[in-house]
There are 2 protein chains.
Amino acid sequence: MAGSGLSRELVLRAAVGVADEGGVGALTMRGLAESLGVEAMSLYHHVANKEAVLDGLVEVVMAEIEAAVAGLDGSGGWKAAMRRRVLAAREVLLRHPWAPGVFETRTGTSLAVAKYYDGVLALMREGGFDYELGHRALHALGSRALGFSQELFAPDGVEVPEDAVAAMAEHVPHLVAMIADASHGGAVLGWCDSQAEFEFGLDLILDGLERLRAAS
Amino acid sequence: MAGSGLSRELVLRAAVGVADEGGVGALTMRGLAESLGVEAMSLYHHVANKEAVLDGLVEVVMAEIEAAVAGLDGSGGWKAAMRRRVLAAREVLLRHPWAPGVFETRTGTSLAVAKYYDGVLALMREGGFDYELGHRALHALGSRALGFSQELFAPDGVEVPEDAVAAMAEHVPHLVAMIADASHGGAVLGWCDSQAEFEFGLDLILDGLERLRAAS
DNA sequence: ACCTGAACACCGTTCAAGT
DNA sequence: ACCTGAACACCGTTCAAGT
(Lines give C-alpha, C1' and ligand atoms only; values in the text may rest on other atoms or scores of the structure.)
Protein backbone atom coordinates (compact mmCIF):
# COMPACT_ATOMS: atom_id res chain seq x y z
CA MET A 1 0.00 0.00 0.00
CA ALA A 2 2.10 2.87 -1.36
CA GLY A 3 4.78 1.08 0.65
CA SER A 4 8.48 1.56 0.89
CA GLY A 5 9.02 0.47 -2.72
CA LEU A 6 12.54 -0.71 -2.10
CA SER A 7 14.50 -2.00 -5.08
CA ARG A 8 18.02 -2.99 -6.04
CA GLU A 9 18.49 0.36 -7.74
CA LEU A 10 17.33 2.32 -4.71
CA VAL A 11 19.61 0.27 -2.45
CA LEU A 12 22.64 0.87 -4.65
CA ARG A 13 21.90 4.56 -5.06
CA ALA A 14 21.70 4.87 -1.27
CA ALA A 15 24.92 2.88 -0.90
CA VAL A 16 26.73 5.34 -3.19
CA GLY A 17 25.38 8.16 -1.06
CA VAL A 18 26.63 6.59 2.15
CA ALA A 19 30.07 5.91 0.66
CA ASP A 20 30.32 9.44 -0.76
CA GLU A 21 29.65 10.84 2.67
CA GLY A 22 31.70 8.56 4.90
CA GLY A 23 33.79 6.25 2.74
CA VAL A 24 33.36 2.50 2.33
CA GLY A 25 34.22 2.07 5.99
CA ALA A 26 30.94 3.77 6.82
CA LEU A 27 29.00 1.41 4.59
CA THR A 28 27.36 -1.25 6.75
CA MET A 29 24.24 -3.20 5.95
CA ARG A 30 22.63 -1.88 9.09
CA GLY A 31 23.59 1.72 8.38
CA LEU A 32 22.59 1.44 4.74
CA ALA A 33 19.18 0.15 5.78
CA GLU A 34 18.76 2.98 8.23
CA SER A 35 19.55 5.55 5.54
CA LEU A 36 16.63 4.02 3.63
CA GLY A 37 14.33 4.06 6.64
CA VAL A 38 14.12 0.30 6.65
CA GLU A 39 15.31 -2.70 8.63
CA ALA A 40 18.70 -4.22 7.72
CA MET A 41 17.20 -7.53 6.76
CA SER A 42 14.94 -5.95 4.15
CA LEU A 43 18.01 -5.29 2.00
CA TYR A 44 18.51 -9.01 1.50
CA HIS A 45 15.37 -9.18 -0.62
CA HIS A 46 17.08 -6.98 -3.23
CA VAL A 47 20.75 -7.85 -2.96
CA ALA A 48 22.30 -11.20 -2.15
CA ASN A 49 24.73 -9.86 0.45
CA LYS A 50 27.25 -7.11 1.09
CA GLU A 51 29.60 -8.35 -1.64
CA ALA A 52 26.74 -7.84 -4.10
CA VAL A 53 26.32 -4.28 -2.84
CA LEU A 54 30.01 -3.58 -3.51
CA ASP A 55 29.68 -5.15 -6.98
CA GLY A 56 26.70 -2.88 -7.54
CA LEU A 57 28.70 0.16 -6.45
CA VAL A 58 31.18 -0.56 -9.25
CA GLU A 59 28.29 -0.86 -11.71
CA VAL A 60 26.86 2.51 -10.70
CA VAL A 61 30.21 4.29 -10.98
CA MET A 62 31.00 2.62 -14.31
CA ALA A 63 27.61 3.76 -15.64
CA GLU A 64 28.50 7.32 -14.66
CA ILE A 65 31.83 6.96 -16.43
CA GLU A 66 30.25 5.52 -19.57
CA ALA A 67 27.80 8.43 -19.61
CA ALA A 68 30.64 10.93 -19.26
CA VAL A 69 32.65 9.22 -21.99
CA ALA A 70 29.74 8.79 -24.41
CA GLY A 71 29.50 12.42 -25.47
CA LEU A 72 33.22 12.93 -25.97
CA ASP A 73 34.94 14.45 -28.97
CA GLY A 74 36.80 11.69 -30.83
CA SER A 75 38.93 13.90 -33.05
CA GLY A 76 42.68 14.46 -33.10
CA GLY A 77 43.93 10.89 -33.24
CA TRP A 78 43.87 8.03 -30.76
CA LYS A 79 46.15 9.75 -28.25
CA ALA A 80 44.08 12.89 -27.93
CA ALA A 81 40.86 10.86 -27.77
CA MET A 82 42.31 8.54 -25.13
CA ARG A 83 43.51 11.46 -23.07
CA ARG A 84 40.05 13.01 -23.08
CA ARG A 85 38.47 9.69 -22.19
CA VAL A 86 40.77 9.01 -19.25
CA LEU A 87 40.43 12.52 -17.86
CA ALA A 88 36.64 12.30 -18.14
CA ALA A 89 36.70 9.03 -16.20
CA ARG A 90 38.96 10.65 -13.65
CA GLU A 91 36.48 13.45 -13.05
CA VAL A 92 33.83 10.90 -12.16
CA LEU A 93 36.19 9.09 -9.78
CA LEU A 94 37.11 12.33 -8.06
CA ARG A 95 33.44 12.61 -7.09
CA HIS A 96 33.67 9.12 -5.55
CA PRO A 97 37.02 8.98 -3.77
CA TRP A 98 36.19 5.58 -2.27
CA ALA A 99 35.76 4.02 -5.72
CA PRO A 100 39.40 3.14 -6.54
CA GLY A 101 39.68 1.12 -3.35
CA VAL A 102 36.53 -0.81 -4.20
CA PHE A 103 37.61 -1.29 -7.82
CA GLU A 104 40.90 -2.82 -6.73
CA THR A 105 39.11 -5.59 -4.89
CA ARG A 106 36.85 -6.54 -7.80
CA THR A 107 38.30 -5.77 -11.24
CA GLY A 108 38.40 -9.12 -12.93
CA THR A 109 34.81 -9.99 -12.17
CA SER A 110 33.07 -6.83 -13.32
CA LEU A 111 31.47 -6.90 -16.75
CA ALA A 112 31.10 -3.12 -16.63
CA VAL A 113 34.85 -2.69 -16.19
CA ALA A 114 35.59 -5.23 -18.92
CA LYS A 115 33.30 -3.28 -21.26
CA TYR A 116 35.13 -0.07 -20.49
CA TYR A 117 38.49 -1.63 -21.30
CA ASP A 118 36.96 -3.10 -24.43
CA GLY A 119 36.20 0.47 -25.49
CA VAL A 120 39.73 1.57 -24.64
CA LEU A 121 41.11 -1.26 -26.75
CA ALA A 122 38.75 -0.37 -29.61
CA LEU A 123 40.08 3.18 -29.56
CA MET A 124 43.65 1.91 -29.86
CA ARG A 125 42.72 -0.52 -32.64
CA GLU A 126 41.25 2.35 -34.64
CA GLY A 127 44.45 4.25 -33.95
CA GLY A 128 46.56 1.55 -35.57
CA PHE A 129 47.48 -0.78 -32.69
CA ASP A 130 47.64 -4.49 -33.29
CA TYR A 131 46.24 -6.69 -30.54
CA GLU A 132 49.61 -7.50 -29.06
CA LEU A 133 50.60 -3.87 -28.54
CA GLY A 134 47.05 -3.08 -27.47
CA HIS A 135 47.25 -5.79 -24.88
CA ARG A 136 50.49 -4.48 -23.48
CA ALA A 137 49.14 -0.95 -23.58
CA LEU A 138 46.18 -1.99 -21.41
CA HIS A 139 48.54 -3.39 -18.83
CA ALA A 140 50.89 -0.42 -19.01
CA LEU A 141 48.00 1.95 -18.41
CA GLY A 142 46.44 -0.25 -15.78
CA SER A 143 44.11 1.67 -13.52
CA ARG A 144 45.26 4.92 -15.14
CA ALA A 145 42.89 4.08 -17.99
CA LEU A 146 40.09 4.55 -15.46
CA GLY A 147 41.58 7.76 -14.14
CA PHE A 148 43.36 6.81 -10.96
CA SER A 149 46.78 5.75 -9.79
CA GLN A 150 48.22 4.94 -6.41
CA GLU A 151 49.36 8.03 -4.60
CA LEU A 152 52.55 7.67 -2.61
CA PHE A 153 51.96 10.16 0.14
CA ALA A 154 48.81 11.54 1.68
CA PRO A 155 46.51 9.80 -0.85
CA ASP A 156 43.44 12.02 -0.55
CA GLY A 157 45.02 15.38 -0.03
CA VAL A 158 45.46 14.53 3.63
CA GLU A 159 47.57 17.13 5.34
CA VAL A 160 50.62 15.64 7.03
CA PRO A 161 51.25 17.48 10.32
CA GLU A 162 54.36 19.66 10.31
CA ASP A 163 56.01 17.90 13.25
CA ALA A 164 55.67 14.50 11.56
CA VAL A 165 57.56 15.93 8.59
CA ALA A 166 60.25 17.28 10.93
CA ALA A 167 60.61 13.86 12.56
CA MET A 168 61.04 12.26 9.16
CA ALA A 169 63.40 14.88 7.83
CA GLU A 170 66.71 13.41 8.92
CA HIS A 171 65.79 10.03 7.45
CA VAL A 172 64.66 11.26 4.06
CA PRO A 173 67.06 14.03 3.08
CA HIS A 174 66.34 13.88 -0.64
CA LEU A 175 62.59 14.08 -0.20
CA VAL A 176 63.05 17.04 2.11
CA ALA A 177 65.34 18.76 -0.39
CA MET A 178 62.87 18.05 -3.15
CA ILE A 179 60.06 19.65 -1.18
CA ALA A 180 62.22 22.65 -0.32
CA ASP A 181 63.11 22.99 -3.98
CA ALA A 182 59.55 22.79 -5.23
CA SER A 183 58.61 26.28 -6.30
CA HIS A 184 54.98 25.71 -5.43
CA GLY A 185 55.75 24.19 -2.08
CA GLY A 186 55.08 24.74 1.56
CA ALA A 187 56.72 22.32 3.94
CA VAL A 188 54.05 19.64 3.83
CA LEU A 189 54.08 16.37 1.97
CA GLY A 190 50.56 16.90 0.76
CA TRP A 191 51.55 19.78 -1.46
CA CYS A 192 51.33 18.11 -4.84
CA ASP A 193 49.01 19.21 -7.57
CA SER A 194 47.92 15.66 -8.11
CA GLN A 195 45.97 16.48 -11.25
CA ALA A 196 49.12 17.79 -12.94
CA GLU A 197 51.08 14.78 -11.71
CA PHE A 198 48.44 12.42 -13.00
CA GLU A 199 48.50 14.05 -16.42
CA PHE A 200 52.29 13.93 -16.50
CA GLY A 201 52.31 10.19 -15.87
CA LEU A 202 49.49 9.62 -18.33
CA ASP A 203 51.21 11.58 -21.10
CA LEU A 204 54.47 9.78 -20.43
CA ILE A 205 52.77 6.46 -21.09
CA LEU A 206 50.67 7.66 -24.03
CA ASP A 207 53.72 9.21 -25.70
CA GLY A 208 55.68 6.00 -25.18
CA LEU A 209 52.88 3.93 -26.67
CA GLU A 210 52.52 6.22 -29.67
CA ARG A 211 56.25 5.88 -30.32
CA LEU A 212 55.97 2.09 -30.25
CA ARG A 213 52.89 2.16 -32.46
CA ALA A 214 54.55 4.41 -35.03
CA ALA A 215 57.59 2.13 -35.10
CA SER A 216 55.54 -1.04 -35.53
CA MET B 1 59.51 -18.11 34.42
CA ALA B 2 60.62 -19.05 30.90
CA GLY B 3 57.20 -17.64 30.00
CA SER B 4 55.62 -16.87 26.67
CA GLY B 5 58.10 -14.10 25.95
CA LEU B 6 55.73 -12.25 23.66
CA SER B 7 57.03 -9.11 21.98
CA ARG B 8 56.09 -6.64 19.27
CA GLU B 9 58.48 -8.38 16.88
CA LEU B 10 57.01 -11.80 17.56
CA VAL B 11 53.50 -10.47 17.11
CA LEU B 12 54.35 -8.86 13.78
CA ARG B 13 56.23 -11.90 12.53
CA ALA B 14 53.20 -14.04 13.35
CA ALA B 15 50.92 -11.51 11.63
CA VAL B 16 52.95 -11.78 8.43
CA GLY B 17 52.63 -15.56 8.67
CA VAL B 18 48.87 -15.39 9.05
CA ALA B 19 48.54 -12.97 6.13
CA ASP B 20 50.82 -15.04 3.91
CA GLU B 21 48.65 -18.06 4.53
CA GLY B 22 45.16 -16.60 4.37
CA GLY B 23 45.37 -12.97 3.24
CA VAL B 24 44.63 -9.90 5.33
CA GLY B 25 41.03 -11.00 5.59
CA ALA B 26 42.22 -13.89 7.74
CA LEU B 27 44.10 -11.57 10.04
CA THR B 28 42.03 -11.01 13.18
CA MET B 29 43.31 -10.11 16.62
CA ARG B 30 41.72 -13.24 17.99
CA GLY B 31 43.16 -15.49 15.29
CA LEU B 32 46.56 -13.85 15.50
CA ALA B 33 46.61 -14.45 19.25
CA GLU B 34 45.64 -18.08 18.77
CA SER B 35 48.49 -18.58 16.28
CA LEU B 36 50.77 -17.42 19.10
CA GLY B 37 49.14 -19.68 21.67
CA VAL B 38 47.94 -16.72 23.66
CA GLU B 39 44.76 -14.85 24.52
CA ALA B 40 43.67 -12.02 22.17
CA MET B 41 43.98 -9.39 24.86
CA SER B 42 47.64 -10.18 25.45
CA LEU B 43 48.48 -8.64 22.08
CA TYR B 44 47.45 -5.21 23.33
CA HIS B 45 50.46 -5.14 25.63
CA HIS B 46 52.74 -5.09 22.58
CA VAL B 47 50.74 -3.26 19.92
CA ALA B 48 48.31 -0.40 20.41
CA ASN B 49 45.57 -1.92 18.25
CA LYS B 50 44.93 -3.59 14.92
CA GLU B 51 45.89 -0.49 12.94
CA ALA B 52 49.30 -0.70 14.59
CA VAL B 53 49.59 -4.33 13.50
CA LEU B 54 48.92 -3.30 9.89
CA ASP B 55 51.47 -0.49 10.18
CA GLY B 56 53.93 -3.08 11.50
CA LEU B 57 53.21 -5.36 8.57
CA VAL B 58 54.34 -2.60 6.21
CA GLU B 59 57.50 -2.15 8.28
CA VAL B 60 58.35 -5.84 8.09
CA VAL B 61 57.83 -6.00 4.33
CA MET B 62 59.79 -2.79 3.76
CA ALA B 63 62.65 -4.22 5.81
CA GLU B 64 62.66 -7.26 3.53
CA ILE B 65 62.71 -4.99 0.50
CA GLU B 66 65.54 -2.85 1.88
CA ALA B 67 67.53 -6.02 2.55
CA ALA B 68 66.94 -7.25 -1.01
CA VAL B 69 67.87 -3.87 -2.46
CA ALA B 70 70.94 -3.34 -0.29
CA GLY B 71 73.18 -5.83 -2.08
CA LEU B 72 72.28 -4.75 -5.59
CA ASP B 73 74.65 -3.94 -8.42
CA GLY B 74 74.58 -0.18 -9.05
CA SER B 75 76.33 -0.18 -12.41
CA GLY B 76 75.04 0.65 -15.86
CA GLY B 77 73.47 4.02 -15.23
CA TRP B 78 70.40 5.12 -13.30
CA LYS B 79 67.93 3.30 -15.52
CA ALA B 80 69.56 -0.10 -15.20
CA ALA B 81 70.02 0.38 -11.46
CA MET B 82 66.42 1.46 -11.02
CA ARG B 83 65.16 -1.47 -13.01
CA ARG B 84 67.09 -3.91 -10.81
CA ARG B 85 65.85 -2.19 -7.68
CA VAL B 86 62.20 -2.27 -8.69
CA LEU B 87 62.33 -5.89 -9.79
CA ALA B 88 64.02 -6.86 -6.53
CA ALA B 89 61.25 -5.13 -4.59
CA ARG B 90 58.71 -6.90 -6.75
CA GLU B 91 60.15 -10.29 -5.86
CA VAL B 92 59.60 -9.55 -2.20
CA LEU B 93 56.02 -8.44 -2.82
CA LEU B 94 55.27 -11.58 -4.80
CA ARG B 95 56.01 -13.51 -1.62
CA HIS B 96 53.44 -11.36 0.21
CA PRO B 97 50.52 -10.95 -2.20
CA TRP B 98 48.44 -9.19 0.46
CA ALA B 99 51.04 -6.43 0.84
CA PRO B 100 49.96 -4.09 -1.99
CA GLY B 101 46.45 -3.90 -0.58
CA VAL B 102 47.81 -2.99 2.86
CA PHE B 103 50.28 -0.49 1.40
CA GLU B 104 47.52 1.33 -0.42
CA THR B 105 45.75 2.08 2.82
CA ARG B 106 48.80 3.49 4.58
CA THR B 107 51.39 5.04 2.23
CA GLY B 108 51.68 8.57 3.43
CA THR B 109 52.18 7.67 7.06
CA SER B 110 54.91 5.06 6.75
CA LEU B 111 58.45 6.24 7.43
CA ALA B 112 59.78 3.00 5.93
CA VAL B 113 58.02 3.70 2.64
CA ALA B 114 59.19 7.32 2.66
CA LYS B 115 62.77 6.11 3.17
CA TYR B 116 62.46 3.75 0.23
CA TYR B 117 61.26 6.54 -2.05
CA ASP B 118 64.05 8.72 -0.71
CA GLY B 119 66.47 6.09 -2.00
CA VAL B 120 64.70 5.99 -5.35
CA LEU B 121 64.96 9.77 -5.61
CA ALA B 122 68.65 9.62 -4.64
CA LEU B 123 69.27 7.19 -7.48
CA MET B 124 67.66 9.56 -9.95
CA ARG B 125 69.58 12.55 -8.58
CA GLU B 126 72.85 10.69 -9.14
CA GLY B 127 71.61 9.91 -12.63
CA GLY B 128 71.23 13.59 -13.47
CA PHE B 129 67.62 14.40 -12.53
CA ASP B 130 66.81 17.75 -10.98
CA TYR B 131 64.30 17.72 -8.13
CA GLU B 132 61.41 18.80 -10.30
CA LEU B 133 61.78 15.96 -12.78
CA GLY B 134 62.58 13.58 -9.92
CA HIS B 135 59.36 14.61 -8.24
CA ARG B 136 57.34 13.98 -11.34
CA ALA B 137 59.14 10.72 -11.91
CA LEU B 138 58.14 9.50 -8.44
CA HIS B 139 54.51 10.19 -9.22
CA ALA B 140 54.73 8.67 -12.69
CA LEU B 141 56.18 5.48 -11.25
CA GLY B 142 53.84 5.47 -8.30
CA SER B 143 53.50 2.04 -6.77
CA ARG B 144 55.51 0.59 -9.66
CA ALA B 145 58.60 1.84 -7.84
CA LEU B 146 57.74 -0.71 -5.16
CA GLY B 147 57.12 -3.44 -7.69
CA PHE B 148 53.37 -3.59 -8.07
CA SER B 149 50.64 -2.14 -10.22
CA GLN B 150 46.91 -2.61 -10.34
CA GLU B 151 45.94 -5.60 -12.39
CA LEU B 152 42.85 -5.20 -14.52
CA PHE B 153 41.60 -8.73 -14.65
CA ALA B 154 42.01 -11.65 -12.31
CA PRO B 155 44.49 -9.85 -10.01
CA ASP B 156 46.25 -12.80 -8.46
CA GLY B 157 46.28 -15.23 -11.33
CA VAL B 158 42.71 -16.16 -10.49
CA GLU B 159 41.27 -18.36 -13.18
CA VAL B 160 38.11 -16.94 -14.68
CA PRO B 161 35.69 -19.80 -15.40
CA GLU B 162 35.18 -20.50 -19.09
CA ASP B 163 31.43 -19.93 -19.03
CA ALA B 164 31.84 -16.50 -17.46
CA VAL B 165 34.10 -15.60 -20.39
CA ALA B 166 31.49 -16.91 -22.83
CA ALA B 167 28.80 -14.81 -21.16
CA MET B 168 30.98 -11.73 -21.46
CA ALA B 169 32.05 -12.42 -25.03
CA GLU B 170 29.30 -10.62 -26.91
CA HIS B 171 29.77 -7.50 -24.81
CA VAL B 172 33.52 -7.24 -25.16
CA PRO B 173 34.32 -8.19 -28.75
CA HIS B 174 37.71 -6.52 -28.84
CA LEU B 175 38.93 -8.16 -25.66
CA VAL B 176 37.78 -11.52 -27.00
CA ALA B 177 39.56 -10.93 -30.29
CA MET B 178 42.67 -9.84 -28.42
CA ILE B 179 42.68 -13.05 -26.40
CA ALA B 180 42.09 -15.17 -29.50
CA ASP B 181 44.96 -13.36 -31.19
CA ALA B 182 47.37 -13.80 -28.31
CA SER B 183 49.85 -16.41 -29.41
CA HIS B 184 50.35 -17.61 -25.85
CA GLY B 185 46.68 -17.71 -25.08
CA GLY B 186 44.05 -20.16 -24.05
CA ALA B 187 40.54 -18.80 -23.78
CA VAL B 188 40.79 -17.45 -20.26
CA LEU B 189 41.24 -13.91 -19.09
CA GLY B 190 43.87 -14.94 -16.58
CA TRP B 191 46.35 -15.89 -19.27
CA CYS B 192 48.76 -12.99 -18.99
CA ASP B 193 52.36 -13.35 -18.15
CA SER B 194 52.08 -10.58 -15.62
CA GLN B 195 55.82 -10.39 -15.02
CA ALA B 196 56.43 -9.58 -18.69
CA GLU B 197 53.57 -7.07 -18.65
CA PHE B 198 54.94 -5.43 -15.54
CA GLU B 199 58.38 -5.07 -17.10
CA PHE B 200 56.88 -3.66 -20.28
CA GLY B 201 55.08 -0.94 -18.36
CA LEU B 202 58.11 -0.24 -16.21
CA ASP B 203 60.43 0.09 -19.20
CA LEU B 204 57.94 2.33 -20.97
CA ILE B 205 58.07 4.74 -18.05
CA LEU B 206 61.81 4.49 -17.46
CA ASP B 207 62.53 5.08 -21.16
CA GLY B 208 60.22 8.07 -21.17
CA LEU B 209 61.91 9.52 -18.10
CA GLU B 210 65.38 9.01 -19.54
CA ARG B 211 64.31 10.85 -22.68
CA LEU B 212 63.10 13.79 -20.60
CA ARG B 213 66.26 13.75 -18.48
CA ALA B 214 68.51 13.74 -21.52
CA ALA B 215 66.58 16.64 -23.03
CA SER B 216 66.71 18.71 -19.84
C1' DA C 1 55.02 -6.12 34.13
C1' DC C 2 52.46 -9.00 31.67
C1' DC C 3 48.47 -12.02 30.93
C1' DT C 4 43.45 -13.15 31.28
C1' DG C 5 38.14 -13.72 31.47
C1' DA C 6 34.04 -11.42 31.06
C1' DA C 7 31.70 -7.94 28.92
C1' DC C 8 30.43 -4.11 25.48
C1' DA C 9 29.32 -2.33 21.18
C1' DC C 10 29.52 -3.41 16.95
C1' DC C 11 29.47 -6.53 12.38
C1' DG C 12 27.07 -9.78 8.39
C1' DT C 13 23.73 -13.09 7.98
C1' DT C 14 19.99 -16.93 8.97
C1' DC C 15 15.57 -18.18 10.21
C1' DA C 16 10.96 -18.30 11.47
C1' DA C 17 7.41 -15.44 11.73
C1' DG C 18 4.46 -11.86 10.36
C1' DT C 19 1.45 -9.06 6.61
C1' DA D 1 6.06 -10.95 -2.22
C1' DC D 2 8.10 -8.25 0.81
C1' DC D 3 9.31 -6.82 5.49
C1' DT D 4 10.67 -7.79 10.35
C1' DG D 5 12.42 -9.19 15.20
C1' DA D 6 15.23 -12.23 17.52
C1' DA D 7 19.17 -14.80 17.37
C1' DC D 8 23.89 -16.67 15.89
C1' DA D 9 28.58 -16.40 15.08
C1' DC D 10 31.73 -13.44 14.55
C1' DC D 11 34.59 -8.75 15.12
C1' DG D 12 37.86 -5.00 17.88
C1' DT D 13 38.44 -3.27 22.22
C1' DT D 14 37.81 -1.92 27.47
C1' DC D 15 38.09 -3.00 32.09
C1' DA D 16 38.81 -5.08 36.33
C1' DA D 17 41.01 -8.72 38.02
C1' DG D 18 44.58 -11.97 38.54
C1' DT D 19 49.94 -13.39 38.94
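All figures in this text were calculated on a predicted structure; none of them were measured in a lab. Labels below follow one simple rule: chain letters A, B, ... track the order of the sequence lines, proteins then strands, and each chain is numbered from 1.
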Using whole Å, report how far [atom1] of [X] lies from [atom2] of [N].
| X | N | atom1 | atom2 | value |
| --- | --- | --- | --- | --- |
| A:R30 | D:dC11 | CZ | P | 15 Å |
| A:M41 | D:dG5 | CE | P | 10 Å |
| B:L36 | C:dT4 | CG | P | 11 Å |
| A:M29 | D:dC11 | CE | P | 19 Å |
| A:L54 | C:dT13 | CG | C1' | 15 Å |
| A:E51 | C:dT13 | CD | C1' | 13 Å |
| B:E34 | D:dC10 | CD | P | 11 Å |

Any side-chain heavy-atom pair of A:V24 and A:L54 under 4.5 Å:
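Heavy-atom side-chain distance check passes, below 4.5 Å.
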Starting at the 5' end of DNA chain C, write a dot or bracket for each base, bracketing those in Watson-Crick or G-U wobble pairs whose two distances are under 3.5 Å and using | for partners on another strand.
||.|||||...|||||.||
Pair listing, side chain to side chain donor-acceptor pair (under 3.5 Å) test, anchored in residues 16-40 of chain B, at least two apart
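Passing the test, one end in residues 16-40 of chain B: B:D20-B:H96, B:D20-B:W98.
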If the threshold is 4.0 Å, N to carboxylate O, is there a salt bridge linking B:E66 and B:K115?
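Salt bridge absent between B:E66 and B:K115.
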Sequence neighbours left out, what passes side chain to side chain contact (heavy atoms under 4.5 Å, CB included) with [X]? Give chain and number order.
| X | value |
| --- | --- |
| A:V58 | A:M62, A:V102, A:F103, A:R106, A:S110, A:V113 |
| A:R83 | A:L87, A:E199, A:L202, A:D203, A:L206 |
| A:L133 | A:F129, A:D130, A:L212, A:R213, B:F200 |
| A:E59 | A:R8 |

Check each residue of residues 42-50 of chain B for a non-hydrogen atom within less than 4.0 Å of any atom in DNA chain C, then write out the ones that pass by number, or none.
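Correct list: B:S42, B:H45, B:H46.
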Kindly write out the residues that satisfy side chain to side chain donor-acceptor pair (under 3.5 Å) with B:R90, not counting sequence neighbours, or none if the list is empty.
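Only B:Q195 meet the side chain to side chain donor-acceptor pair (under 3.5 Å) criterion with B:R90.
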Which nucleotide in D:dC15, C:dC3, D:dT4 has an atom nearest any side-chain atom of A:E39:
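Within the option list, the nearest is D:dT4.
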Tell me which pairs pass ring pair (Phe, Tyr, Trp, His ring centres under 6.0 Å) where either residue lies in residues 8-61 of chain A, with sequence neighbours left out.
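Non-adjacent pairs meeting ring pair (Phe, Tyr, Trp, His ring centres under 6.0 Å): zero.
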